[in-house]
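Just below is one structure, and these are the notes that go with it.
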Amino acid sequence: MPLWPVYTGTNEPHDGIAELPAPPPWRDFDGGPVLPAPDAAADTAAHSPDRTHRAETYQATEETVELVNAALYLRRPLLVTGPPGTGKSSLVYAVARELRLGPVLRWNITSRSTLHDGLYQYDPLSRLYAARQEAARPGRTGGTGGAGGAVDGSGIEHHLRLGPLGTALLPYDRPRALLIDEIDKSDLDLPNDLLNVLEEGQYEIPELVRASRLTPDGVAEVLADGTDERVPVARGRVRCRAFPFVVLTSNGEREFPPAFLRRCVTLHLRQPDDRHLAEIVRAHLGEPDAYARTLIERFLARSGAGDLATDQLLNAIYLARSAGLDAGSLDRLAEQLMPYLGQSAQSDVF
């Protein structure tokens, strides 16, 4: 029987992803050869204390759980919008931890980011240098091996690494988790450039397509993002098998084209209410005391006049518990720790 919800939001790891039903016929992918999902500890950078803590303490709303499951079932990207500090980027770490999807692949978007950056990076200059070094090696006899059977490092595959998006689309036997962070900061063309890749679940690496004609099996072993292990790419073409769990975050700084939006499941995260804030504080810092509840009330009262982030509240509560200050000093410090994030916020008395 299919399992709904696959993602429960309880922060308890399980293998429910194996019970995900077959995809819709228009989202069924058949890439190969099938690769095993990487171990959760394969990418040490993905296991920083900050990311681990966010994954363990994320408090999902009912709407979040429903739309995450919709994206998983439909094999569609999840576009997460909302004000800063509402947990947009933390969501993917929580889902990856609960569903045991392995290390989260992360692509941080800037105004200079291109689709090519997300798919792979190729360094032709380092390849040229390696070729010159190989040609100057004493006793070289030609072929793919150097003197004494040494490996020739001038092959394209030794100077190419898959990016976060390119790695996520490898034919893994279970979905990888990919965060495309702050997509609204991108160049105007990037969302449209992503359309075909996310719709087709595949891409080509032209450099490997050309090189594959010179090898008997056409298979190149290339580095994947976040690891020093190599993965096979046949004939320069990558096609997924399990469509990745893709989360794109946006702070609402721009609008996206309709063609892009209709290919995403959209989740808008709102500022949490008093009950949700108390759950967040409890998950991070334990049961809220009387002063913490006072800060929660003040935070909620001020949030209507400008943008505030939940981590500002957590910082204030942590210091209130740890600094040993008197009430007046705590109030002044809390006000300084919770300034409005927008330029047009109204002035008020804390």
Side-chain angles (χ1 to χ4, degrees), residues 1-21 23 37 40 46-106 168 174-181 242-251 264-288 292 296 299-300 303 309-311 313-314 317:
M1 286 289 293
L3 177 66
W4 180 281
V6 175
Y7 170 64
T8 64
T10 60
N11 295 329
E12 293 295 331
H14 59 83
D15 289 312
I17 195 69
E19 299 183 48
L20 197 66
H47 289 270
S48 66
D50 170 62
R51 295 178 183 180
T52 301
H53 179 76
R54 285 192 289 168
E56 294 173 344
T57 57
Y58 188 81
Q59 300 297 299
T61 64
E62 182 178 345
E63 180 185 23
T64 298
V65 172
E66 289 179 349
L67 291 176
V68 165
N69 281 282
L72 288 168
Y73 267 62
L74 295 172
R75 277 66 169 184
R76 289 291 186 185
L78 182 67
L79 175 62
V80 184
T81 66
T86 50
K88 297 186 295 296
S89 60
S90 298
L91 172 59
V92 66
Y93 292 98
V95 175
R97 178 178 180 272
E98 180 179 321
L99 299 183
R100 294 174 174 160
L101 302 183
V104 173
L105 299 160
R106 181 165 185 151
R174 64 168 56 196
R176 292 297 305 270
L178 168 66
L179 172 62
I180 303 179
D181 203 22
F243 188 77
F245 176 62
V246 181
V247 172
L248 307 102
T249 69
S250 169
N251 291 324
C264 298
V265 175
T266 301
L267 166 65
H268 181 72
L269 295 181
R270 298 168 179 82
Q271 289 287 5
D273 57 20
D274 55 348
R275 181 192 60 80
H276 195 195
L277 272 178
E279 291 176 352
I280 293 172
V281 171
R282 189 176 296 113
H284 286 270
L285 298 171
E287 189 66 32
I296 291 174
F299 180 88
L300 289 169
S303 61
T310 306
D311 58 348
L313 173 64
L314 293 174
I317 293 175

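Keep in mind that this is a model prediction, so the values were computed, not measured. Computation of the quantities below employed the complete heavy-atom set of this structure, encompassing side-chain atoms and omitting hydrogens, waters and symmetry-equivalent molecules.
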Can you see which heavy atom on [X] is nearest to which on [Y], and at what distance?
| X | Y | result |
| --- | --- | --- |
| A55 | N11 | O-OD1, 3.6 Å |
| R75 | P21 | NH2-O, 2.8 Å |
| P175 | A242 | N-CB, 3.6 Å |
| Y58 | G87 | CE1-O, 3.3 Å |
| L269 | T86 | CD1-O, 3.5 Å |
| L314 | L285 | O-CD1, 3.7 Å |

Separation of [Y] [atom2] from [X] [atom1] (nearest 0.5 Å):
| X | Y | atom1 | atom2 | value |
| --- | --- | --- | --- | --- |
| L178 | L105 | CG | CG | 6.0 Å |
| Y7 | N69 | OH | CG | 9.0 Å |
| L79 | H268 | CG | NE2 | 11.0 Å |
| H53 | S90 | NE2 | OG | 9.5 Å |

With a 4.0 Å cut-off on N to O distance, would you call R270 and E63 a salt bridge?
yes
Not counting sequence neighbours, which residues clear side chain to side chain donor-acceptor pair (under 3.5 Å) with R106? List them please.
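For R106 the side chain to side chain donor-acceptor pair (under 3.5 Å) partners, ignoring immediate neighbours, are Y93, N108, D181.
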Considering residues at least two apart in sequence or located in another chain, which fulfil the side chain to side chain donor-acceptor pair (under 3.5 Å) criterion with S250?
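None.
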Tell me which one of V65, V68, L99, V95 satisfies side-chain contact (heavy atoms from CB on, under 4.5 Å) with V6.
L99
What I'd like to find out is whether the side chain of [X] reaches to under 4.5 Å of the side chain of [Y], using heavy atoms alone.
| X | Y | value |
| --- | --- | --- |
| D273 | L277 | no |
| S89 | L179 | yes |
| R54 | E56 | no |
| R76 | C264 | no |
| L20 | L72 | yes |
| P272 | T310 | yes |
| L74 | F243 | no |
| L248 | L78 | no |

Which is it for Y73 and W4 under the side-chain contact (heavy atoms from CB on, under 4.5 Å) test, yes or no, and what are the steps along the way?
CA-CA 9 Å; Y73 267 62; W4 180 281; 3.5 Å; yes
Sequence neighbours excluded, which residues qualify as side-chain contact (heavy atoms from CB on, under 4.5 Å) partners of A177?
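Once residues adjacent in sequence are excluded, the partners of A177 under the side-chain contact (heavy atoms from CB on, under 4.5 Å) criterion are V92, A96, L101, V104.
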Could you tell me whether the side chain of [X] and the main chain of [Y] form a donor-acceptor pair under 3.5 Å?
| X | Y | answer |
| --- | --- | --- |
| T57 | A283 | no |
| H276 | A60 | no |
| R100 | E98 | no |
| R176 | P103 | yes |
| R174 | I17 | no |

Apply the test side-chain contact (heavy atoms from CB on, under 4.5 Å) to residues T64 and V80: give CA-CA distance (whole Å), side-chain angles for both, the deciding distance (0.1 Å), then the verdict.
CA-CA 10 Å; T64 298; V80 184; over 6 Å; no
Member of T249, N251, T81 meeting the side-chain hydrogen bond (donor to acceptor under 3.5 Å, both in side chains) criterion with K88:
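Only match with K88 under side-chain hydrogen bond (donor to acceptor under 3.5 Å, both in side chains): N251.
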Is it true that, when you exclude E287 itself, more than 12 heavy atoms of the residues, nucleotides or ligands shown sit nearer than 6.0 Å to its CD?
yes
